[in-house]
Amino acid sequence: MAKAKKQTGRGRKQDRARVAGGQDYEVQYEAKKTRRSASAVKKAVKKVGSSRKKVERKLKRG
């Protein structure tokens with residue numbers, strides 16, 4: 001029998017570093033967290049990309 005691959009946390013960490021603009025639950029979470037509207041979050045994702053840090057920075061600026 002072949003040995004099972006060891007699971008790492010890398011995939012989960014990478015997933016948390018992104019905001020999926022097409023996933024309503026992620027958009028709602030980010031909107032609630034930053035106290036902005038869901039449409040503002042979607043616009044920010046479209047403008048700066050899916051990086052959570054960049055999206056949050058954009059939302060804080062206005």
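Predicted model only: the values in this text are computed from it and were never measured.
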Taking all heavy atoms of L59 and all of A44, pick out the closest pair and write down the distance. CD2-CB, 4.0 Å
Locate the shortest heavy-atom distance separating A38 from Q28; write the atom from each residue and the value. CB-NE2, 3.7 Å
Could you state the interatomic distance from [atom1] ([X]) to [atom2] ([Y]), rounded to the nearest 0.5 Å?
X	Y	atom1	atom2	result
R52	K33	CZ	NZ	6.0 Å
R61	R57	CZ	CZ	7.0 Å
S37	K32	OG	NZ	15.5 Å
T34	K60	OG1	NZ	9.5 Å
E30	R36	CD	CZ	11.5 Å

A side-chain contact here means heavy atoms from C-beta on lying under 4.5 Å apart; do D24 and K42 qualify? yes
Is E26 salt-bridged to R18, cutoff N-O under 4.0 Å? no
Tell me which one of K43, E56, K53, K58 satisfies side chain to side chain contact (heavy atoms under 4.5 Å, CB included) with V48. K58
